[in-house]
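Take a look at the structure below.
Values reported hereafter were calculated over all heavy atoms of this structure, with side chains retained and with hydrogens, waters and symmetry mates removed. Lettering follows sequence order; numbering is per chain, from 1.
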There are 2 protein chains.
Amino acid sequence: MARKREFDVDQAVDRAMDVFWRRGYAATSLQDLTSALGIGSGSLYAAFGSKEKLYGLALARYTSRNAAQLVAELESAKEVRPALRAVLMAMAEADLCDPDRGCMTVNAATERADDPDTAAHVSATLKLVESTIAGALERAQVRGELTADKNPAELARLLTTFIQGLRVMGKARAGREFVESAVDAAMRTLD
Amino acid sequence: MARKREFDVDQAVDRAMDVFWRRGYAATSLQDLTSALGIGSGSLYAAFGSKEKLYGLALARYTSRNAAQLVAELESAKEVRPALRAVLMAMAEADLCDPDRGCMTVNAATERADDPDTAAHVSATLKLVESTIAGALERAQVRGELTADKNPAELARLLTTFIQGLRVMGKARAGREFVESAVDAAMRTLD
DNA sequence: TCAATACTGGATTGATCAATCCATAAATCT
DNA sequence: AGATTTATGGATTGATCAATCCAGTATTGA
């Protein structure tokens, strides 16, 4: 009954994610988006409604790609400690490879905390990270990987906070020596 | 020989700092600035040159107000541990009182890391925080406040990173319970 | 084959952007 | 006082902003 969409919506959200991730929300113009997505503004608005809604989809896409992977890796890990170290180092490595991006969740938290949708999404992501780490540490404790005197819930809050800081340091180009040393120190809190 | 400036430049920078701090760089319009500063755009450009330069002054003002105070408090502290806890809790408290602002250094790092001047300033601030904490921990170790098996340089990197994360969590409205617990866990790394 | 429908992207909209201009006003020097 | 110089702030500039419009096009069911 009607013409088919010529572009791939999923791919378009991926590309929008990349642009917003690098440039932030306010500094990204509609022209930036249409040229990155390879579509006209009419198509963009027909498909996504507004720049804000597209940002929301891009942020959700980022979360499902990254936070979800962190969760999966920690929950499927045989040994919690090396898995946690691997997760931390993977983030540090991501920032070393491409500091222009940093962590989109952190970028969203700092740039768009005043937007209720963004704030809610960021909050949910951080809670997910916290509870995943807490769960992993509880399992570690049961299995004797973590001594009984440790407090998994509290350590999870420390590590969740540390992760956000690690992304800030990465974006600020703190350098490999710094972030690796910081991760070492963070892992030592589990000893 | 010439007319005097009618507004107080220092006060104007303070006000610009507050606006940029809350809204970020890109989302702050010149109209936001002129109305907050109470001056016309002609005066603004005559005094500061451009929006970017005013932002640079505002960021420098923020640093000299905040990072410098952190340095002073840690260096004048009789006991390092309670001073460090006080510094961490003061930051957490600042975000609990006014989460719209967060930490301007973190905001600058995430929004404007691509600007060389901003990046350099942020980097210098973070190095100052790191070396101040490292120095304080070294003194603590000499005085027996910190056991000899600890590595002050590494702990300083952990704590510097933790601080940035704490500000992100604060801006994301993680709540008092969360940040206090995280600070407790962070302080425990010194035990 | 022909309506009906939805997608296309470039043109257009009115608002807003950072920055400059400029007539006026105040301050200092001779 | 008169000349010179700088500050003032509102008007103006041309660019750019997000969003809408629309003529043209592809797709489908009848």
Side-chain angles (χ1 to χ4, degrees), chain A residues 1-61 107-108 111-112 114-118, chain B residues 1-61 107-108 111-112 114-118:
Chain A
M1 203 88 141
R3 184 176 173 178
K4 279 182 182 168
R5 213 186 288 282
E6 286 180 11
F7 66 95
D8 184 316
V9 173
D10 265 9
Q11 187 186 55
V13 172
D14 277 349
R15 289 177 178 174
M17 176 189 79
D18 192 66
V19 177
F20 282 129
W21 191 355
R22 286 179 189 280
R23 307 178 51 83
Y25 178 79
T28 296
S29 71
L30 225 65
Q31 191 158 291
D32 291 333
L33 290 169
T34 52
S35 62
L37 271 57
I39 61 175
S41 55
S43 301
L44 191 153
Y45 276 86
F48 303 114
S50 70
K51 183 187 170 188
E52 249 186 328
K53 285 179 185 168
L54 179 54
Y55 179 83
L57 291 173
L59 181 59
R61 175 68 53 91
N107 298 348
E111 192 195 351
R112 288 184 58 76
D114 56 319
D115 170 58
D117 288 349
T118 303
Chain B
M1 205 87 143
R3 182 174 175 178
K4 280 182 182 168
R5 214 186 286 283
E6 286 181 12
F7 66 95
D8 185 316
V9 174
D10 265 9
Q11 187 185 55
V13 173
D14 277 349
R15 290 177 177 173
M17 176 189 79
D18 192 65
V19 178
F20 282 129
W21 190 356
R22 286 178 189 281
R23 307 178 51 83
Y25 178 79
T28 297
S29 72
L30 225 64
Q31 190 156 291
D32 292 333
L33 290 169
T34 53
S35 62
L37 272 55
I39 61 175
S41 55
S43 303
L44 191 153
Y45 277 87
F48 304 114
S50 70
K51 183 187 171 189
E52 247 184 330
K53 285 179 185 168
L54 179 54
Y55 179 83
L57 291 173
L59 181 58
R61 175 68 52 91
N107 298 349
E111 193 194 352
R112 287 184 58 77
D114 55 321
D115 171 57
D117 288 349
T118 302

Tell me: [atom1] of [X] to [atom2] of [N], nearest whole Å?
X        : N       : atom1 : atom2 : result
Phe48(A) : dA18(D) : CZ    : C1'   : 16 Å
Arg5(A)  : dC7(C)  : CZ    : P     : 5 Å
Tyr55(B) : dC17(C) : OH    : P     : 18 Å
Arg23(A) : dT16(D) : CZ    : P     : 13 Å
Gln31(B) : dG9(D)  : CD    : C1'   : 13 Å
Leu44(B) : dC21(C) : CG    : P     : 16 Å
Leu54(B) : dA18(C) : CG    : C1'   : 13 Å

side-chain contact (heavy atoms from CB on, under 4.5 Å) partners for Asp117(A), two or more places apart |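 By the side-chain contact (heavy atoms from CB on, under 4.5 Å) rule, Asp117(A) matches Asp115(A).
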Taking only residues at least two apart or on different chains, which pairs with a member in residues 27-38 of chain B satisfy side-chain hydrogen bond (donor to acceptor under 3.5 Å, both in side chains)?
->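 Qualifying pairs, neighbours excluded: Arg23(B)-Asp32(B), Ser29(B)-Asp32(B).
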Side-chain N or O of Ser29(B) closer than 4.0 Å to phosphate OP1/OP2 of dC17(C) =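 True: Ser29(B) side-chain N/O within range (under 4.0 Å) of dC17(C) OP1/OP2.
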Those residues that, when tested against Arg5(B), pass salt bridge (Lys or Arg N to Asp or Glu O under 4.0 Å) (two or more places apart) |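 Per chain and number, Arg5(B) pairs via salt bridge (Lys or Arg N to Asp or Glu O under 4.0 Å) with no residue.
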Hey, could you give me each pair passing salt bridge (Lys or Arg N to Asp or Glu O under 4.0 Å) that has a residue in residues 38-54 of chain B? Not counting sequence neighbours.
->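 Only Glu52(B)-Arg112(B) qualify under salt bridge (Lys or Arg N to Asp or Glu O under 4.0 Å).
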For nucleotides 20-30 of chain D, just jot down a letter per nucleotide in 5' to 3' order: B, S or -, based on protein non-hydrogen atoms under 4.0 Å.
-> BB--BBBBB--
Donor-acceptor list for residues 36-48 of chain A side chains, cut-off 3.5 Å, not counting sequence neighbours:
none

Any donor-acceptor N/O pair, Glu111(A) side chain to Glu111(B) backbone, under 3.5 Å |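 Such a contact is absent between Glu111(A) side chain and Glu111(B) backbone.
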5'-most by nearest nucleotide on DNA chain C - Ala26(B) or Phe7(A) |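 In this pair, the answer is Phe7(A).
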Determine the contact category for Thr28(A): base if any of its heavy atoms lies under 4.0 Å from a base atom, sugar-phosphate if only primed atoms, P, OP1 or OP2 are that close, otherwise nothing.
->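 Since only primed, P, OP1 and OP2 atoms lie under 4.0 Å of Thr28(A), the category is sugar-phosphate.
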